[in-house]
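In what follows, a structure is listed as structure tokens, so that the remarks can point back to it.
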Amino acid sequence: MNKESILIKLEDIVGKDFATNSSEDLYIYSQDPGASIPRHVDFVVMPGTSVEVQEIVKLANQEKIPIVPMGGGLTLSGLIIPVKGGIVLDMKRMNQIIEINPFSRYALIEAGVTTGQILSHLNDNYPDLQPPIPDAPPSATVAGNMLIHGSGYLSQRYGGHGAMINGLEVVLANGEICKLGSCAVSDYWFDRGPIPDFIGLFISAFGTMGVITKLSIQLFPKPKMRDIIFGLMSDPKDLPDLLLKITATGYAEDILLGKQDKPEWMKGYVFIMTYITGDSEEDIDRQTKTLKRIYRKSNARFMKAPEKMRDLYLDKPIFAAGAADFRKGGGFEYVGAFMPLEKIPEAYEKGADIARKYGITPTLGSRLIGGVHTIVMFFSYSFNRANPQDMENARKALYETNKLALELGGIPWKAELEGQRLILEKMDTSYNKLMKTIQSTLDPNGIMNPGNWEVK
Ligand SMILES: Cc1cc2nc3c(=O)[nH]c(=O)nc-3n(C[C@H](O)[C@H](O)[C@H](O)COP(=O)(O)OP(=O)(O)OC[C@H]3O[C@@H](n4cnc5c(N)ncnc54)[C@H](O)[C@@H]3O)c2cc1C
């Protein structure tokens, strides 16, 4: 590869200020805040338009250089660190909110729009609408989160975020710009459309299928009031019964669970937070009474939380970053695994065992998705980035946790390379074959984030 001539071509496409291969600029892109080992980056490019993305993809095809699309780079599992070198395509300049449609309740945005940006835009201009966003830091992009099928405070009621994509504009690996969803037929980006649905190809694909330049996401009405019913349970075995009863009421907007050894008062308990919404105090009171009864009958104790704590958790999205750095060393990664509900008690027990084995404070949690059709289980490991042994322990714990999730019938979410390999090993061979056929058809030169979802 002639790096100098490629840099000149990249600069011609995006302008001198937005393409680089200087080592100071590449350094930060060679790593992420998780436990992955830093890897080599050849170029960083920040396109400003879909046409510029198209030109970059065409160039990458000619030169056979890998492209790694990146949003906020906050996935933690190394997904935006190139496996085989190449161009990191930092999408943050493409940050236009193109349209808010308050009737069909969608937002059409460019791929670099952050979760903080869409939230404040709606708060300022459409105070009755709310976006589906995660509890991640506000510099995470909406696209990055939707494309990894993330979840957030609206997911128990409305489903996972990947399912809330109405339409995409994609630059395919061959450089063609393609629209998917109702926008392929209509001026309105209101639905995936009653046409063959290919949007799923780009979800959980980690940039291996193409570069998303625009997307339409569903928006939801904002409730007048929101409250939390806190509870404590000493035996996780009672969780499935409790969760089935809560979800059957239809009251819960969000259900979050946590079990951790720190702070001391939480040790030995599963912490339950059921969020409810309503139009009036009476509405909230009625739901609260029903839920307290359900907690009692399922061996959970209702807990009156201090106002300060209640206010902290009522702020949606919650400030999860504050709780991530137990180790005080700036390192944090978790296996999030999509799990069947009945395996949750075992996941809590065995997850804590893995953490203790590697000298890490057990920090476990879960969020329900789509009325208990899935539960995402978080096995979190914080580590001191300045301590190589600490990081190695976290990597070992993450690996064992991926194996545990698969053994329990779950599937690791936004899995790092090792996790992806374990999933592929367990995957039905015909699914493997189909993936390979699609990959090689769309991307014969293997330029799209190669090394990820690498089917042998
Ligand atoms: C403290 C903390 C709390 C978190 N809480 C949550 C939570 O509640 N829910 C949740 O879901 N996640 C959570 N996360 C995980 C993660 O931060 C978020 O999901 C985040 O939204 C990911 O977005 P991103 O822009 O950082 O994606 P990135 O890491 O930049 O990208 C994610 C993946 O998408 C691909 N990609 C990005 N942009 C494009 C594009 N334009 N075209 C094609 N592929 C693309 C990338 O290649 C990569 O594979 C949390 C993380 C932290 C650190």
- Task: For Phe103 and Phe190, run ring-ring contact (aromatic ring centres under 6.0 Å, His included): C-alpha distance rounded to whole Å, both residues' side-chain angles, the deciding distance at 0.1 Å, then the answer.
- Result: CA-CA 10 Å; Phe103 297 102; Phe190 66 107; over 10 Å; no
- Query: Does a donor on one side chain and an acceptor on the other come within less than 3.5 Å for Glu253 and Thr277?
  - Reply: no
- For Leu408 and Lys343 the tightest heavy-atom approach is O-CG, 3.1 Å
- Message: Tell me whether Asp283 is salt-bridged to Lys224, with the criterion being a basic N under 4.0 Å from an acidic carboxylate O.
- Response: no
- Query: Can a donor-acceptor pair be found between the side chains of Thr288 and Asp285 at a distance below 3.5 Å?
  - Reply: no
- For Pro236 and Val270, work out which heavy atoms get closest and say how close. CG-CG2, 4.0 Å
- For the pair Tyr334 and Phe332, name the ring-plane relationship: parallel under 30°, tilted 30 to 60°, perpendicular over 60°. tilted
- Task: Determine, using ring centers only, whether Tyr275 and Tyr313 are less than 6.0 Å apart.
- Result: no
- Would you call Ile255 and Met273 a side-chain contact if the rule is heavy atoms closer than 4.5 Å? no
- Task: Look at the side chain of Glu52 and the backbone N and O of Pro47, then say whether any donor-acceptor pair between them is shorter than 3.5 Å.
- Result: no
- Query: Among side-chain atoms of Ser50 and Glu169, is any donor-acceptor pair under 3.5 angstrom?
  - Reply: yes
- Message: Between Gln156 (side chain only) and Gly371 (backbone N and O only), is there a donor and an acceptor less than 3.5 Å apart?
- Response: yes
- Task: Over all heavy atoms of both residues, which pair between Tyr295 and Ile229 is shortest? Give the atoms and the distance, please.
- Result: OH-O, 2.7 Å
- Task: Taking Asn125 for its side chain and His121 for its backbone only, find out whether a donor-acceptor pair lies under 3.5 Å.
- Result: yes
- Taking the six-membered ring of Phe302, is NZ or CZ of Lys292 closer than 6.0 Å to its centre and within 45° of its axis? yes
- Correct closest heavy-atom pair for Gln287 and Tyr251 would be OE1-CB, 3.4 Å
- Message: Set out, in order, the CA-CA distance, both residues' side-chain angles and the distance that settles side chain to side chain contact (heavy atoms under 4.5 Å, CB included) for Tyr269 and Arg301, then state yes or no.
- Response: CA-CA 10 Å; Tyr269 291 104; Arg301 270 208 331 251; 4.1 Å; yes
- Query: If only atom types and distance count, is the side chain of Thr249 paired as donor or acceptor with the main-chain N or O of Lys245 below 3.5 Å?
  - Reply: no
- Task: Using only heavy-atom distances, determine whether the side chains of Glu416 and Asn402 contain a donor-acceptor pair under 3.5 Å.
- Result: yes
- Message: Distance alone, cut at 3.5 Å: any donor-acceptor contact between the side chains of Asn452 and Gln420?
- Response: yes
- Task: Decide, yes or no, whether a salt bridge links Arg367 with Asp135 under the criterion of side-chain N to carboxylate O below 4.0 Å.
- Result: yes
- Message: Just by distance, no angles: are the side chains of Arg105 and Tyr126 close enough, under 3.5 Å, to form a donor-acceptor pair?
- Response: no
- Message: If the test is side chain to side chain contact (heavy atoms under 4.5 Å, CB included), which one of Ile344, Leu257, Asp238 qualifies with Leu243?
- Response: Leu257
- Is it true that a side-chain atom of Lys214 and a backbone atom of Leu108 form a donor plus acceptor pair closer than 3.5 Å? no
- Task: Applying side chain to side chain contact (heavy atoms under 4.5 Å, CB included) between Gln117 and each of Thr141, Asn95, Ile109, Leu122, report the one that passes.
- Result: Asn95
- Query: Salt bridge check: are Asp128 and Lys222 linked by an N-O gap of less than 4.0 Å?
  - Reply: no
- Please confirm whether Arg93 makes a cation-pi placement over Phe18, using NZ or CZ under 6.0 Å from the six-membered ring centre and within 45° of the ring normal. yes
- Query: Does atom CD of Glu176 have more than 12 heavy-atom neighbours, drawn from other residues, nucleotides or ligands, at distances under 6.0 Å?
  - Reply: no
- Atom of Leu398, atom of Ala35 and distance for their closest heavy-atom approach: CD1-CB, 4.0 Å
- Query: Going by atom types only, do Tyr106 and Asp191 share a side-chain donor-acceptor pair under 3.5 Å?
  - Reply: no
- Query: So, Lys414 versus Asn145: side-chain donor-acceptor pair below 3.5 Å or not?
  - Reply: no
- Report the relative orientation of the aromatic rings in Phe378 and Trp413; use parallel for angles under 30°, tilted for 30 to 60°, perpendicular for over 60°. perpendicular
- Task: Go through Arg310 and Asp227 one step at a time and tell me if the salt bridge (charged side-chain N to carboxylate O under 4.0 Å, His left out) criterion holds.
- Result: CA-CA 8 Å; Arg310 193 174 152 272; Asp227 208 344; 3.1 Å; yes
- Report yes or no: does His149 contribute a side-chain atom to a donor-acceptor pair with the main-chain N or O of Ser204 at less than 3.5 Å? no
- Message: Within the 4.5 Å heavy-atom criterion, are Pro412 and Leu406 side-chain neighbours or not?
- Response: yes
- Check ion pair Glu454-Lys84 (N to O, under 4.0 angstrom): yes
- Check: Ser77 and Ser36 side chains under 4.5 Å, non-hydrogen atoms: no
- State whether the number of non-hydrogen atoms from other residues, nucleotides or ligands found under 6.0 Å of Asp187 atom CG is greater than 12. no
- Note on the structure: Residues Ile81 and Arg39: closest non-hydrogen pair is O-NH2, 2.8 Å
- Is it true that a side-chain atom of Thr20 and a backbone atom of Val44 form a donor plus acceptor pair closer than 3.5 Å? no
- Task: Give a yes or no on whether the backbone of Arg192 and the side-chain of Asn166 come within a donor-acceptor separation of less than 3.5 Å.
- Result: no
- Report yes or no: does Ser280 contribute a side-chain atom to a donor-acceptor pair with the main-chain N or O of Gly278 at less than 3.5 Å? no
- Asn445 side chain vs Ile447 backbone, donor-acceptor pair below 3.5 Å: no
